[in-house]
Amino acid sequence: MSSLGLSSGLLLLGGTHQAVVAAREPDIRVLLQESEQISLRADADRPFRLTGPDLGRIDLTRLQIELSSGGLSLVMEEAGAPADRPMRRRLPTSAQLRLETDDPRGLWLGKRRYGGSLRLLVHKGRIAVVNHLGIEDYLPSVVGSEMPQEWPMAALQAQAVAARTYALRQRGRAGLFDVQATVASQVYRGLESQTPRTLEAVQSTRSLVLVHAGQLINAVFHSSSGGATEASGEVWRSQLPYLVSVPDHDQQSPVHRWETRFDADQLRRAFRETGGVERLEVLESSTTGRVRALRVRGPVGVLRISGSELRQRLGLKSTMVEFNWLAAGEGEGEPSPSTPPSQLSSRWVGFLVDPDGDGISEQLSPPPPLPQQLRLRRRPQPVLEVRGRGYGHGVGMSQWGARALAEQGAEFRQILQHYYQGVEIRPFRPSYDPAVARLPQLEPAWRG
């Protein structure tokens, strides 16, 4: 892919070296899978094409690739050949393979089908499968994977513009791929998640992106904030002018409020360094009440962690939570909290996704296991109840909030400009990407 990531690339005219961009959309590279074994097959009887070193071009119906003994082992079923006589080849791990199909039903990778082309290569000891396709072909699946397709069209359109902006801003950052197909980037489940309504949402917003100060914004989004979104500087290292805290409209979210409980054994497994949890001390919190750092005190040690690490250890849905200690046996109805002041104060706090969390500052080895007879005689331990609000890191667009605003009559532009303050919504230009800002000013890369 060229530095601009355009399907058509750059044309140099005559001796003037004038840059001209053909009216075609940018490509996106999506990491689908990393594994030691990959299985692919055609849909029904329409073969796909495999090209690679020492292979030329082969029409196949099935392909299995396994990484073993320092090489790639290929088992291939050729189109028209008996299925019980597969062709076998062995290639070096440096080999790069390309798979393409003309079938609009795509190519099966495991239990999902994908359009575009697939590239296979060994990366960090595993076989990586990267889907190459145009941004507008990628987005209908993302919208359908990130939002129920039955939601109001304005919400789907807002999701399409945010997802397009996010993906285009990521191009070229990871080298091998631009985005992943999981929540690590934004969810992309292939052709099954594409519907007529998600196609309409993408086509009706074709090429539109979110821009601030002449550059693509970091258009992060989440499911539900629990009442108010969070400023980026409270979560990550930099405060971006368009990612500030705004009131959310996510009251109808099924995870607007939630609760979960942890017994003593679960807490010991989550905090092995401290032998469990006796006390939590909030060290730093955000302006909306989310905790940025806290100290965990247990029977055998003290641990300082970021809020994101606490969320990861306990598997919490969001980072805005309230704690109560319950006596063993409590649980039905409205509990009466037994919260010794020496252990934990009960108030609304929260935990933010912080990729630069400071982690563990103090660790002690856990004690040896107690003898069985002592475990049987141990008094019942209190249960930690966690009451939470929202789902996700809380920064940027709230998807449930977008739905509510759309139901109230807001258009997608109004939704986006509520959650991303001070942005403009424009057709994409390559100059909006900081990676190519040094190049000449160009016309929009593609049009509807």
Side-chain angles (χ1 to χ4, degrees), residues 226 234-235 255 257-286 289-394:
E234 302 278 11
V235 181
V255 289
R257 292 183 182 272
W258 51 267
E259 67 177 54
T260 187
R261 293 171 182 171
F262 302 91
D263 61 26
D265 288 337
Q266 291 172 313
L267 293 174
R268 276 192 291 271
R269 287 194 294 269
F271 298 97
R272 296 182 184 277
E273 305 95 326
T274 61
V277 178
E278 292 181 336
R279 184 175 177 180
L280 298 176
E281 300 170 354
V282 176
L283 303 177
E284 184 180 354
S285 59
S286 74
R290 294 173 167 93
V291 169
R292 300 183 61 162
L294 69 159
R295 182 179 291 117
V296 180
R297 294 189 181 275
V300 299
V302 179
L303 184 67
R304 186 181 189 276
I305 59 174
S306 66
S308 63
E309 185 174 347
L310 179 68
R311 182 185 176 194
Q312 181 181 17
R313 286 184 181 230
L314 295 182
L316 302 177
K317 290 182 177 66
S318 76
T319 60
M320 185 177 288
V321 294
E322 179 189 29
F323 299 100
N324 285 310
W325 286 103
L326 307 178
E330 292 186 46
E332 297 300 326
E334 185 66 24
S336 57
S338 56
T339 310
S342 62
Q343 290 185 343
L344 180 70
S345 62
S346 176
R347 66 181 181 87
W348 278 104
V349 296
F351 306 102
L352 291 179
V353 173
D354 180 4
D356 303 305
D358 48 20
I360 297 168
S361 64
E362 185 175 355
Q363 296 187 35
L364 295 176
S365 300
L370 291 173
Q372 180 65 25
Q373 62 270 26
L374 292 182
R375 289 204 299 270
L376 292 174
R377 295 174 185 173
R378 187 175 56 198
R379 292 182 178 180
Q381 298 295 307
V383 172
L384 177 65
E385 180 187 62
V386 182
R387 294 183 179 184
R389 293 190 291 183
Y391 197 152
H393 50 63

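In this chain, numbering begins with 1 at the start of the sequence shown.
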* Separation of L384 CG from F323 CZ (nearest 0.5 Å) -> 6.0 Å
* Below 4.0 angstrom, N of the basic side chain to O of the carboxylate: do E309 and R311 qualify? -> no
* Minimum-distance pair of heavy atoms, taken over all atoms of R295 and L283 -> NH1-CD2, 3.5 Å
* Any donor-acceptor pair under 3.5 Å from S318 side chain to Y391 backbone -> no
* Asked: Just by distance, do the side chain of W258 and the backbone of G390 share a donor-acceptor pair under 3.5 Å?
  -> yes
* If we only count heavy atoms from C-beta on, is the T274 to V302 side-chain gap below 4.5 Å? -> no
* May I ask you to decide if A270's main-chain N or O and R313's side chain share a donor-acceptor pair within less than 3.5 Å? => yes
* **Separation of L314 CG from F262 CZ (nearest 0.5 Å)** => 4.5 Å
* First locate atom CG of L326, then atom CZ of R261, and finally report the distance between them rounded to the nearest 0.5 Å. => 5.5 Å
* Looking at residues at least two apart in the chain, or sitting in another chain, which of them share a salt bridge (charged side-chain N to carboxylate O under 4.0 Å, His left out) with R269? -> none
* Straight-line distance of E273 CD to I305 CD1, nearest 0.5 Å -> 8.5 Å
* Asked: Is it true that atom CD of Q266 has more than 12 heavy atoms of other residues, nucleotides or ligands lying nearer than 6.0 Å?
  -> yes
* Asked: Do NZ/NE/NH1/NH2 and the carboxylate oxygens of R290 and E234 come within less than 4.0 Å?
  -> no
* **Shortest non-hydrogen separation from R292 to S286 and the atoms involved** => CG-N, 4.2 Å
* Hey, are R297 and E278 close enough for a salt bridge, meaning a charged N less than 4.0 Å from a carboxylate O? -> no
* Asked: Distance from L310 atom CG to L316 atom CG, nearest 0.5 Å?
  -> 6.0 Å
* Asked: Out of R389, R387, E259, which one pairs with E322 under the side-chain contact (heavy atoms from CB on, under 4.5 Å) rule?
  -> R387
